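No hydrogens, no waters, no symmetry mates; every other heavy atom, side chains included, goes into these values. Just so it is clear, the structure is predicted and the values come from calculations on it, not from any experiment. Every chain is numbered from 1 and lettered A, B, ... according to where its sequence line falls, protein lines coming before strand lines.
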Protein chains: 2
Amino acid sequence: MKYTKATNYALHIMAYFVKQEGTDNLSLQPLASHMNISPTYLSKILTQLVKADLIQSTPGANGGYSLRKTKTEISFYDVIQAIEGSGALFTCEMDENRTCQIEKVMQDAEAKMVNHLKEKRLVDVV
Amino acid sequence: MKYTKATNYALHIMAYFVKQEGTDNLSLQPLASHMNISPTYLSKILTQLVKADLIQSTPGANGGYSLRKTKTEISFYDVIQAIEGSGALFTCEMDENRTCQIEKVMQDAEAKMVNHLKEKRLVDVV
DNA sequence: ATATTATAGACTGCATTTGTCTGTAATTAT
DNA sequence: ATAATTACAGACAAATGCAGTCTATAATAT
Ligand code: SF4
Ligand code: SF4
């Protein structure tokens with residue numbers, strides 16, 4: 001079990017947006033060379049961030065991407081969830097037995113990690 | 001990012017050992033039918049638990065597996081680490097910049113989850 | 001209209017996970 | 001000693017998910 005590389009990229013991308021807040025739209029090509037990844041792959045990550053409402057996109061000349069929320073609102077968890085989804089890390093079939101203690105311990109543990117990630121904002125690290 | 005099925009199996013297997021503590025060796029075939037997985041696959045999981053010193057194995061007639069530690073010593077994390085290994089969930093190359101804040105937030109978050117898993121023991125849920 | 005931007009989706013290659021199969025080593029029972 | 005019983009090791013294959021590319025389409029500005 002590991003976080004995906006896409007999550008790593010997304011955190012760095014969003015940190016960069018936070019750092020550049022207030023400037024013009026950032027378009028794909030410059031972003032890609034700054035991050036050292038291919039434009040098409042970066043595009044897919046950015047689109048996920050758009051769908052999660054963390055950034056907004058505008059097509060056409062002088063278009064690009066920019067922050068949607070104010071920078072102090074964006075937590076680590078917002079970014080991670082946009083890429084990894086929101087399913088629990090540990091799930092078990094056979095949901096008959098809803099008094100399951102194993103699942104509860106695992107999900108309580110995950111919740112502690114998630115709470116920390118919700119508290120920390122990108123603006124704390126730029 | 002998800003916990004593997006092997007981890008799920010391992011937790012249930014170890015919980016079963018804790019429940020049966022003090023009885024004779026449990027051998028592969030009965031364990032496999034109790035858990036509803038194939039003996040050969042189960043064998044690989046059990047071998048990992050042996051290598052992590054959570055259970056011990058004895059070959060030959062009347063052999064099998066049994067707990068190595070006393071049941072109150074075994075934490076969730078012991079079992080998970082035996083299967084998933086001990087690497088960090090989030091790592092980043094370019095280790096030049098050792099004042100990295102992103103990595104720190106991620107690893108602090110993981111530590112909170114790990115601490116919870118170290119506190120909770122299997123004996124708490126049987 | 002044309003150039004510029006993002007978006008969608010098919011597609012490939014790769015790594016990991018899940019699982020099977022076969023043979024070998026160690027121990028006990030006869 | 002021999003045979004039966006058990007775990008262990010490693011090769012193998014199938015399935016899944018991740019990483020990345022490519023091409024075509026849609027939307028906007030000039
Ligand atoms: S006890 Fe919980 S984790 Fe185990 S099989 Fe039942 S629901 Fe799943
Ligand atoms: S800032 Fe941290 S996470 Fe980002 S590239 Fe540097 S070391 Fe890696």
Roughly, in whole Å, what's the span from CD in A:Gln29 to P in C:dT7? 14 Å
Using heavy atoms and a sub-4.0 Å distance, could you list which residues of residues 49-57 of chain A are near DNA chain D? By number, please. none
Taken in chain and number order and not counting sequence neighbours, the residues that satisfy salt bridge (charged side-chain N to carboxylate O under 4.0 Å, His left out) with A:Lys69 are none
If a pair satisfies salt bridge (charged side-chain N to carboxylate O under 4.0 Å, His left out) and one of its residues is in residues 7-26 of chain B, list it, with sequence neighbours excluded. B:Glu21-B:Lys71
Figure out the CG/P separation between B:Asp24 and D:dT5, and round it to whole Å. 18 Å
Listed by chain and number, what are the side chain to side chain contact (heavy atoms under 4.5 Å, CB included) partners of B:Thr23, not counting sequence neighbours? B:Gln20
Using a 4.0 Å heavy-atom cut-off, write out nucleotides 13-18 of chain C from 5' to 3' as B (base contacted by protein), S (sugar-phosphate only) or - (no contact). ----SS
Does B:Tyr65 or B:Gly60 map to a spot on DNA chain D nearer the 5' end, using the closest nucleotide for each? B:Gly60
Those residues of residues 32-39 of chain A lying under 4.0 Å from DNA chain D by at least one heavy atom: A:Ser38
How would you label the contact of A:Leu46 with the nucleic acid (heavy atoms, under 4.0 Å): base, sugar-phosphate, or nothing? nothing
Taking only residues two or more places apart in sequence or in another chain, which ones pass side chain to side chain contact (heavy atoms under 4.5 Å, CB included) with A:Ala10? A:Ile45, A:Leu49, A:Val79, A:Ile83
Please, which pairs that meet ring pair (Phe, Tyr, Trp, His ring centres under 6.0 Å) have at least one residue in residues 62-91 of chain A, sequence neighbours excluded? none
Base, sugar-phosphate, or nothing for A:Thr58, non-hydrogen atoms under 4.0 angstrom? sugar-phosphate
Which pairs pass salt bridge (charged side-chain N to carboxylate O under 4.0 Å, His left out) with one or both residues in residues 26-47 of chain B, sequence neighbours excluded? none
Please, which pairs that meet salt bridge (charged side-chain N to carboxylate O under 4.0 Å, His left out) have at least one residue in residues 54-68 of chain B, sequence neighbours excluded? B:Asp53-B:Arg68
Just list the side-chain donor-acceptor pairs under 3.5 Å for residues 117-126 of chain B, sequence neighbours left out, or say none.
from, atom 1, to, atom 2, distance (Å)
B:Arg121, NH2, B:Asp124, OD1, 3.0
B:Asp124, OD2, B:Arg121, N, 2.9

Please list every donor-acceptor pair under 3.5 Å in which a side-chain atom of residues 25-33 of chain A meets a protein atom from a residue at least two apart or in another chain.
from, atom 1, to, atom 2, distance (Å)
A:Asn25, ND2, A:Thr58, OG1, 3.0
A:Asn25, ND2, A:Asn62, O, 3.4
A:Ser33, OG, A:Gln29, O, 3.2
A:Ser33, OG, A:Pro30, O, 3.1

Which comes earlier along DNA chain D counting from the 5' end, the contact point of B:Thr40 or that of B:Asn62, where each point is its nearest nucleotide? B:Asn62
